[in-house]
Amino acid sequence: MDMKEIMRDGRERMGKAIEALDGSLSVLRTGRANPGILKKIVVEYYGTATPLDQLANITTPDSRTLNIQPWDRNAVSAIEKAIRDSDLGLNPNNKGDAIFITLPVLTEERRRDLIKNARSYAEDAKVAVRNIRKAGLDDLKKLEGVGEDEVKRGETEVQKLTDEFIRRVDEVTARKEQDILG
């Protein structure tokens, strides 16, 4: 492994940490309807745990309503149960062949809780980025046939990369906080 590979690997892994943060933040509910909040719902469908998005089309007819249109009418009650049992605090309305969810207006207390969750996810992402930095620095020190100056230059580059991704974590989190605050 050479210095370029270490940097490329670090950039790729840090990018995945940002993607994981995006995924975690997407399930946090904002004041607007977003099909992403149902991403982690798993439905017991004919004895198999199946992700909701594989059983139904999820749309947003307006800013506070989610419409779930199952491809199989027999799945409506199972989908309704999975949503009701989730920790999202949503109350689905079964209309026979579709399910409607009207999102309640977020209270100030709930917004603070959501922001606290967002910051927790951000801190987890920062820890992941820092762990990747540590692994990169360890790899740099293990390089053979590389001078001390070259290793120092590599350490500086790894730190710049880390700072860039920490800044991106902060930016992604700030955008989500703005969404939550409305």
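These numbers were taken from a predicted model, which means no experiment stands behind them.
- Residues that satisfy the side-chain hydrogen bond (donor to acceptor under 3.5 Å, both in side chains) test with Arg8, not counting sequence neighbours, are absent from this structure.
- A salt bridge links Lys16 to Glu12: one of the charged nitrogens lies within less than 4.0 Å of a carboxylate oxygen.
- The side chain to side chain contact (heavy atoms under 4.5 Å, CB included) with Ile101 is formed by just one residue from the set Asn93, Ile68, Asn91, Thr65; it is Ile68.
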Next on the checklist: Set out, in order, the CA-CA distance, both residues' side-chain angles and the distance that settles salt bridge (charged side-chain N to carboxylate O under 4.0 Å, His left out) for Asp138 and Lys142, then state yes or no.
Outcome noted: CA-CA 6 Å; Asp138 290 345; Lys142 292 177 187 172; 6.0 Å; no
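- In the hydrophobic clustering of ILVMFWY residues, with side-chain heavy atoms under 4.5 Å counting as a link, Trp71 and Ile79 come out apart.
- Applying the side-chain hydrogen bond (donor to acceptor under 3.5 Å, both in side chains) test to Lys39 and every residue at least two apart in sequence or in another chain returns Ser26.
- By the salt bridge (charged side-chain N to carboxylate O under 4.0 Å, His left out) test, Glu109 is found to be paired with no residue, residues two or more places apart in sequence or in another chain being considered.
- Remark: Asn94 pairs with Glu80 by the side-chain hydrogen bond (donor to acceptor under 3.5 Å, both in side chains) rule, at least two apart or across chains.
- The CD1 atom of Ile18 lies 9.0 Å from the CD atom of Glu164; values are rounded to the nearest 0.5 Å.
- Contacts of Arg119 classified as salt bridge (charged side-chain N to carboxylate O under 4.0 Å, His left out), with partners at least two apart in sequence or in another chain: Glu177.
- Under the side-chain hydrogen bond (donor to acceptor under 3.5 Å, both in side chains) criterion, Tyr121 pairs with no residue, sequence neighbours left out.
- Counting heavy atoms of neighbouring residues, nucleotides and ligands inside a 6.0 Å radius, atom CD of Glu5 exceeds 12 of them.
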